[in-house]
**Student:** 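Quick one: structure below, then a few questions.
Naming: A, B, ... by sequence-line order, numbering from 1 per chain. None of these values were measured; they are calculated from a predicted model. Heavy atoms only: backbone and side chains are in, while hydrogens, waters and symmetry mates are out.
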Amino acid sequence: MTNNERLRFAPSPTGDLHVGGARAALFNWLYARKTQGKFLLRIEDTDRERSTEASLKSILGSLRWLGLDWDEELVFQSKRGELYRSAVEKLLESGAAYRCFCSKEELEAERERAQREKLDYHYSGKCRNLGKETVESYVREGKPYTMRFRVGEGETSFDDHLHGVTTFRNETIGDFIIARADGSPVYILSVAVDDADMGITLVMRGDDHLSNTPKQIMLMKALGYEIPRFCHLPQVLGQDKHKLSKRHGAASVLEYEKMGFLPGAVVNFLALLGWAPGDDREKMTLDELIEAFSLDGLAKKSGVFDLQKLEWLNGQYLNDMPPEELLPLVSALFVEQGFIQKDEVDSRRDFLLGVIIQLKERCRLIPEFAEKGAFFFRAPESYDEKGERKYFNDIEVADRLEALADSFESLEIFDEASTEAATRQVVVNYNIGVGKLIHPTRLAVTGMTTGPGLFELVTLIGKKPVVDRMRRAAEYIRKNSEETNG
RNA sequence: GGCCCAUUCGUCUAGUGGCCAAGGACGCUGGCCUCUCACGCCGGAAACAGGGGUUCAAUUCCCCUAUGGGCUACCA
């Protein structure tokens with residue numbers, strides 16, 4: 001465990017950052033930071049068809065959003081063709097690789113036959129021992145060829161950090177292609193070359209790469225490279241226990257950002273999916289994660305992404321966050337909703353902080369501030385249906401509401417203590433329980449049956465609008481009862 | 001089909017041979033607090049896939065089976 005560890009995350013820019021990828025990135029990052037090593041980023045953009053600039057931007061954006069910073073320059077595979085070509089050349093010269101002239105159709109037929117006969121298929125090795133002259137004449141004819149790696153006898157094994165010694169018999173692998181007919185390198189080759197070239201000391205990636213590892217090792221050996229250590233992480237699954245994908249709802253980090261999750265909560269949650277600190281901590285900051293992180297805490301079992309737990313965690317973050325920190329996020333939402341103008345954010349700062357304070361322990365996601373707090377900005381357009389039936393069911397309610405409105409109006413100081421005192425006084429006059437007045441009042445002022453404490457909310461909104469809303473509700477109740485009676 | 005990997009409450013996990021009649025968290029659920037909701041607090045139900053070994057002793061070690069997953073491309 002020196003501080004010379006070099007880790008990497010190698011996404012393909014073919015979409016947004018996937019949750020599984022983000023978790024792999026996180027573990028690499030944590031290990032690098034823990035060991036004071038380097039965390040590198042390599043962009044696997046050799047698939048020209050599917051790679052896009054927009055995806056790259058999106059992935060980098062998500063990484064930054066999560067707080068995962070990287071060291072050194074980005075490595076683009078698309079810019080390293082020369083490196084791969086010379087590696088292939090070297091393998092060809094040493095005899096570790098050979099030209100294969102088999103056509104796609106031939107190979108396809110072979111594979112189908114094997115499948116039909118339920119036999120284990122791998123390349124027949126037809127071109128493996130072609131005579132020198134044959135090869136030369138084919139090349140002269142311009143017959144297209146791919147490059148194949150000559151897989152030797154024996155077995156290939158490595159000591160995976162998580163899975164221990166894992167062994168593959170070479171005969172089950174079969175000579176594999178390392179360069180296409182157009183000369184471009186295939187993934188397995190570029191990975192081997194890049195990991196060596198970048199000096200990666202520990203390859204930590206999804207366990208879907210487990211069976212690729214022996215190939216990578218054979219290539220590295222043939223190229224005379226030092227073999228890195230490996231650690232294959234379990235996958236992230238959806239509720240149906242299949243690999244997390246769009247079908248399960250949100251599979252990319254970006255979507256969670258849009259849904260109103262906080263980066264700290266997402267990172268925290270991802271860290272706990274497949275890793276445990278060894279104690280009972282759940283909520284942990286990035287620094288605490290670095291501090292506690294160890295490869296030993298990694299799980300072997302793939303984990304199901306539990307949205308409910310993420311939501312809970314996010315709620316914890318929201319609740320624990322100082323209101324000032326929430327202000328930019330929440331006010332941006334309010335502006336977007338048309339609750340306030342952008343230039344009002346500063347002048348109404350105290351009011352907005354008040355709203356946040358009253359709402360934050362009731363919200364799990366940022367957008368809920370708008371759903372649960374619209375009434376702070378405008379009078380309710382309608383009343384909760386159940387609430388209406390329960391609290392606006394009596395003409396007397398209108399009288400009481402008006403009585404309380406009058407009482408509120410006459411208050412010199414309109415604060416929690418005075419409004420509560422006024423309410424309790426009115427209740428005594430009518431000889432009813434305090435709840436009998438509080439609930440209708442809340443419904444009148446907010447349109448809802450749930451929310452912050454009535455006296456807090458009412459003082460934040462202010463006397464005038466509150467009194468207006470109460471009188472309007474009283475009127476509404478009267479009108480309704482006339483209709484139903486008449 | 002072949003190869004490789006995995007298997008503790010519904011879910012995330014603790015547990016590395018005795019401390020486990022299995023602990024925590026989410027969710028579910030009973031209650032307390034209370035003007036409602038939420039928060040918080042106190043309780044509850046809920047798991048070692050099955051079968052063989054090894055051992056004085058297995059959740060922990062080995063084997064088999066079952067189940068799930070991955071790879072088996074001129075994708076990455």
Side-chain angles (χ1 to χ4, degrees), chain A residues 10-12 14 44-47 49-51 77 100 102-104 107-108 111 114-122 144-148 160 162-163 166-169 171-174 176-188 190-191 206-215 232 234-235 237 239 241-243 269 272-283 296-297 299-313 315-316 319 359-364 372 387 391 420 423 433-439 441-443 446 448-455:
Chain A
S12 309
T14 54
E44 310 214 322
D45 55 353
T46 49
D47 185 339
E49 300 279 295
R50 296 194 299 150
S51 299
Q77 288 194 324
C100 170
C102 297
S103 71
K104 264 186 188 175
L107 295 172
E108 189 59 34
R111 195 174 308 123
Q115 237 162 40
R116 210 174 324 118
E117 291 166 22
K118 295 196 183 284
L119 290 171
D120 176 22
Y121 172 77
H122 34 256
Y145 59 85
T146 59
M147 289 291 186
R148 275 191 195 270
D160 189 279
L162 243 192
H163 301 287
T166 308
T167 305
F168 292 80
R169 279 177 295 125
E171 63 187 78
T172 64
I173 294 173
F176 53 92
I177 290 174
I178 56 175
R180 305 185 183 94
D182 66 2
S184 63
V186 142
Y187 164 77
I188 191 73
S190 33
V191 169
D207 65 12
D208 46 339
H209 289 283
L210 205 50
S211 357
N212 280 329
T213 307
K215 296 180 193 170
H232 287 94
Q235 311 251 300
L237 273 24
Q239 293 292 338
K241 305 242 181 173
H242 283 78
K243 206 171 164 181
F269 172 76
L272 258 22
L273 217 194
W275 176 81
D279 51 40
D280 288 337
R281 279 181 291 176
E282 297 284 340
K283 195 185 167 212
D296 298 335
K300 294 183 183 178
K301 192 178 71 162
S302 37
V304 174
F305 189 97
D306 184 0
L307 186 63
Q308 282 189 307
K309 183 152 183 178
L310 209 209
E311 285 175 352
W312 166 78
L313 234 200
Q316 295 292 307
N319 199 177
L359 252 23
K360 71 184 184 116
E361 72 179 22
R362 284 163 243 270
C363 294
R364 291 191 155 193
K372 298 194 160 127
Y391 305 124
E420 176 158 7
T423 308
V434 73
K436 286 269 188 204
L437 187 51
I438 283 176
H439 296 310
T441 307
R442 168 182 285 102
L443 187 61
T446 72
M448 308 199 283
T449 56
T450 66
L454 180 70
F455 307 114

**Student:** Looking at every strand, decide which applies to A:Thr423 at a 4.0 Å heavy-atom threshold: base, sugar-phosphate, or nothing.
**Tutor:**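 No contact.
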**Student:** Counting the atoms with a prime plus P, OP1 and OP2 as sugar-phosphate, which does A:His242 contact under 4.0 Å by heavy atoms, base, sugar-phosphate, or nothing?
**Tutor:**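 Since only primed, P, OP1 and OP2 atoms lie under 4.0 Å of A:His242, the category is sugar-phosphate.
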**Student:** For B:rC56 versus B:rG50, give the span between their P atoms, rounded off to a whole number of Å.
**Tutor:**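 It works out to 25 Å between them.
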**Student:** Can you measure A:Lys215 atom NZ to B:rC71 atom P for me and round it to whole angstrom units?
**Tutor:**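 My rounded result for the distance is 11 Å.
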**Student:** Going by purine N1 to pyrimidine N3 plus the second Watson-Crick contact, or the G-U wobble pair, all under 3.5 Å, which nucleotide sits opposite B:rC71?
**Tutor:**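 Base partner found: B:rG2.
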**Student:** Heavy atoms only, 4.0 Å cut-off, all strands: where does A:Leu210 land among base, sugar-phosphate and nothing?
**Tutor:**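 If one applies the 4.0 Å heavy-atom cut-off, A:Leu210 turns out to touch the sugar-phosphate alone, with no base involved.
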**Student:** Can you tell me the base-pairing partner of B:rA14? Count Watson-Crick or G-U wobble geometry only, both distances below 3.5 Å, and say none if there is no partner.
**Tutor:**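 The answer is none; no pair meets the criterion.
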**Student:** Which of parallel (below 30°), tilted (30 to 60°) and perpendicular (above 60°) describes A:Phe269 and A:Phe305?
**Tutor:**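 The rings of A:Phe269 and A:Phe305 stand perpendicular, inter-plane angle above 60°.
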**Student:** Hey, does A:Thr167 reach any base, or is it just sugar-phosphate, or nothing, if we go heavy atoms under 4.0 Å?
**Tutor:**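 Result for A:Thr167 = sugar-phosphate.
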**Student:** Mind checking A:Lys300 for me? I need base, sugar-phosphate or nothing, with any heavy atom below 4.0 Å counting as a touch.
**Tutor:**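 Contact class for A:Lys300: sugar-phosphate only.
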**Student:** Searching all strands shown, indicate the nucleotide that pairs with B:rU55 (Watson-Crick or G-U wobble; both distances under 3.5 Å).
**Tutor:**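 For B:rU55, the partner nucleotide comes out as none, under the 3.5 Å rule.
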**Student:** Can you tell which of B:rC12, B:rA76, B:rG70 lies closest to the side chain of A:Ser211?
**Tutor:**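 For the A:Ser211 side chain, the nearest candidate turns out to be B:rG70.
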**Student:** Base, sugar-phosphate alone, or nothing: which one does A:Gly453 contact when heavy atoms must sit under 4.0 Å apart?
**Tutor:**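 Counting heavy atoms under 4.0 Å across all strands, the contact made by A:Gly453 includes a base.
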**Student:** Could you tell me the separation between the NE2 atom of A:His122 and the P atom of B:rG2, rounded to a whole number of Å?
**Tutor:**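 To the nearest whole Å, that distance equals 13 Å.
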**Student:** Which part of the nucleic acid does A:Ser12 contact within heavy-atom distance under 4.0 Å: base, sugar-phosphate only, or nothing?
**Tutor:**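 Sugar-phosphate contact only.
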**Student:** Quick check: closest heavy atoms across A:His232 and A:Asp160, and the distance to 0.1 Å?
**Tutor:**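 So the minimum-distance heavy-atom pair works out to ND1-OD2, 2.7 Å.
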**Student:** Quick one: label A:Ala276 by what it contacts on the DNA or RNA (base, sugar-phosphate, nothing), any heavy atom closer than 4.0 Å.
**Tutor:**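 It contacts sugar-phosphate atoms only.
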**Student:** Within the distance-only criterion (no hydrogens, no angle test), does the side chain of A:Lys215 pair as donor or acceptor with the backbone N or O of A:Ile188 below 3.5 angstrom?
**Tutor:**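 Not a single qualifying donor-acceptor pair exists.
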**Student:** Select base, sugar-phosphate, or nothing to describe what A:Thr166 touches, counting heavy atoms under 4.0 Å on all strands.
**Tutor:**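 Counting heavy atoms under 4.0 Å across all strands, the contact made by A:Thr166 is with sugar-phosphate only.
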**Student:** How far, in whole Å, is B:rG24 from B:rA47 if one measures between their P atoms?
**Tutor:**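 Looking at atom P only, B:rA47 and B:rG24 are 14 Å apart.
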**Student:** Tell me: CD1 of A:Ile188 to C1' of B:rU72, nearest whole Å?
**Tutor:**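 After rounding, the gap between these two atoms is 13 Å.
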**Student:** Go through B:rC39, B:rG27, B:rA38 for me and flag the one nearest to the A:Glu361 side chain.
**Tutor:**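 So the side chain of A:Glu361 is nearest to B:rA38.
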**Student:** Give a yes or no answer on whether the side chain of A:Ser190 reaches the backbone of A:Tyr187 with a donor-acceptor pair at less than 3.5 Å.
**Tutor:**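 Looks like yes, one N/O pair under 3.5 Å.
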**Student:** Determine which nucleotide pairs with B:rG27, using a 3.5 Å limit on both distances of a Watson-Crick or G-U wobble pair.
**Tutor:**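 Pairing partner: none.
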**Student:** Between B:rA45 and B:rA66, how far apart are the two C1' atoms, rounded to whole Å?
**Tutor:**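 Nearest-Å result for B:rA45 against B:rA66 at atom C1': 28 Å.
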**Student:** Taking the side chain of A:Asp306 as heavy atoms from C-beta outward, which of B:rC39, B:rG10, B:rG24 is closest to it?
**Tutor:**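 Within the option list, the nearest is B:rG10.
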**Student:** What integer number of Å spans the P atoms of B:rC48 and B:rA21?
**Tutor:**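 Between the two P atoms, the distance is 14 Å.
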**Student:** Base, sugar-phosphate, or nothing for A:Gly274, non-hydrogen atoms under 4.0 angstrom?
**Tutor:**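 Sugar-phosphate contact only - A:Gly274 comes under 4.0 Å of backbone atoms but never of a base.
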**Student:** Within the 4.0 Å heavy-atom criterion, would you say A:Gln316 contacts the bases, only the backbone, or no part of the nucleic acid?
**Tutor:**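 Sugar-phosphate contact only - A:Gln316 comes under 4.0 Å of backbone atoms but never of a base.
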**Student:** Need the pair for B:rG40. Rule: Watson-Crick or G-U wobble, both distances under 3.5 Å, any strand; none if unpaired.
**Tutor:**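 Answer to the pairing question: B:rC32, which forms a Watson-Crick or G-U pair with B:rG40.
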**Student:** Classify A:Asp182 by what it touches in the nucleic acid, base, sugar-phosphate, or nothing, heavy-atom distance under 4.0 Å.
**Tutor:**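 Since no nucleic acid heavy atom lies under 4.0 Å of A:Asp182, the category is nothing.
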**Student:** Name the nucleic acid region contacted by A:Pro452, choosing base, sugar-phosphate or nothing; use a 4.0 angstrom heavy-atom cut-off, strictly under.
**Tutor:**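 Base contact - A:Pro452 has a heavy atom under 4.0 Å of at least one base atom.
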**Student:** Rounded to whole Å, how long is the line connecting atom CD of A:Gln77 with atom P of B:rA76?
**Tutor:**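 Those two atoms, CD and P, are 8 Å apart.
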**Student:** Once you round it to whole Å, what is the distance between P of B:rU16 and NZ of A:Lys301?
**Tutor:**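 From A:Lys301 NZ to B:rU16 P: 18 Å.
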**Student:** When we call it a touch if two heavy atoms are under 4.0 Å apart, what does A:Gln308 touch: a base, just sugar-phosphate, or nothing?
**Tutor:**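 Since only primed, P, OP1 and OP2 atoms lie under 4.0 Å of A:Gln308, the category is sugar-phosphate.
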**Student:** Do the side chains of A:Leu272 and A:Pro277 get nearer than 4.5 Å, heavy atoms only?
**Tutor:**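 The answer is yes, as the side chains (C-beta and beyond) meet within the 4.5 Å cut-off.
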**Student:** Would you measure the distance from the P atom in B:rU8 across to the matching atom in B:rG2 and give it in whole Å?
**Tutor:**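 Nearest-Å result for B:rU8 against B:rG2 at atom P: 26 Å.
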**Student:** Counting Watson-Crick and G-U wobble pairs only, both distances under 3.5 Å, name the nucleotide matched with B:rA66, or none.
**Tutor:**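 Its partner is B:rU7 (Watson-Crick or G-U wobble, both distances under 3.5 Å).
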**Student:** I'd like the P distance from B:rA49 over to B:rG44, given in whole Å.
**Tutor:**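 Roughly 25 Å separates the two P atoms.
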**Student:** Does A:Lys360 use its side chain to pair, donor to acceptor, with the backbone of A:Asn319 at less than 3.5 Å?
**Tutor:**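 Yes; at least one donor-acceptor contact below 3.5 Å.
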**Student:** Of the nucleotides B:rC3, B:rC71, B:rU11, which has the atom closest to the A:Asn212 side chain?
**Tutor:**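 So the side chain of A:Asn212 is nearest to B:rC71.
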**Student:** Which value, in whole Å, describes the distance between the C1' atoms of nucleotides B:rA46 and B:rC9?
**Tutor:**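 Looking at atom C1' only, B:rA46 and B:rC9 are 5 Å apart.
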**Student:** Tell me, do A:Thr449 and A:Arg442 make a side-chain contact under 4.5 Å, heavy atoms counted?
**Tutor:**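 In short, these two side chains do not touch, never coming nearer than 4.5 Å.
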**Student:** Does A:Gln235 offer a backbone N or O that forms a donor-acceptor pair with the side chain of A:Asp208 under 3.5 Å?
**Tutor:**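 A pair under 3.5 Å: no.
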**Student:** Between B:rC61 and B:rG17, how many Å separate the two P atoms, rounded to a whole number?
**Tutor:**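 About 8 Å, rounded to a whole number of Å.
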